[in-house]
Amino acid sequence: MVIKIDKEKCIGCGLCSSICGEIFEMSDDSKAKVKKQKDSPCLKEAIDSCPVEAISG
């Protein structure tokens, strides 16, 4: 599985990084970015919690 974030959709709310900080972090442009491609128990929750559905994986 490849985790992707659609930068056009991302509103920079930070939910993904707060839910699953081992995979997501906020970048300098205030958008989420993937810091590590790995499977984690928190990944599905982070994807499902994105309010604009910007994360796929």
Side-chain angles (χ1 to χ4, degrees):
M1 168 189 321
V2 176
I3 307 161
K4 295 181 183 176
I5 298 174
D6 185 333
K7 295 286 188 177
E8 297 294 317
K9 286 184 177 180
C10 179
I11 58 173
C13 71
L15 262 178
C16 58
S17 62
S18 66
I19 291 170
C20 199
E22 64 190 84
I23 295 179
F24 301 101
E25 66 185 357
M26 301 308 289
S27 62
D28 293 337
D29 65 357
S30 298
K31 303 283 184 166
K33 73 176 187 178
V34 178
K35 67 179 178 180
K36 188 176 275 189
Q37 290 284 343
K38 69 179 227 171
D39 195 15
S40 173
C42 60
L43 177 59
K44 181 173 177 0
E45 182 182 354
I47 291 171
D48 292 344
S49 297
C50 180
V52 294
E53 300 179 349
I55 308 168
S56 62

Hey, are the side chains of I19 and F24 touching, using non-hydrogen atoms and a 4.5 Å cut-off?
no

Would you mind reporting whether E45 and C20 have side-chain heavy atoms less than 4.5 Å apart?
no

Connected via hydrophobic side-chain network under 4.5 Å: V34 and M1
yes

K35 side chain to G21 main-chain N or O, any donor-acceptor pair under 3.5 Å?
yes

Between the side chain of S49 and the main-chain N/O of A46, is any donor-acceptor distance below 3.5 Å?
no

Nearest heavy atoms of [X] and [Y], plus distance in Å:
X	Y	answer
A32	M26	N-CE, 3.8 Å
K38	I3	O-CD1, 3.7 Å
K31	K7	NZ-O, 3.5 Å
I55	C50	CD1-CB, 4.1 Å

Mind checking the NZ-CD1 spacing from K33 to I5? Nearest 0.5 Å is all I need.
10.0 Å

For the atom pair SG (C42) and CD1 (I47), what is the distance rounded to the nearest 0.5 Å?
10.0 Å

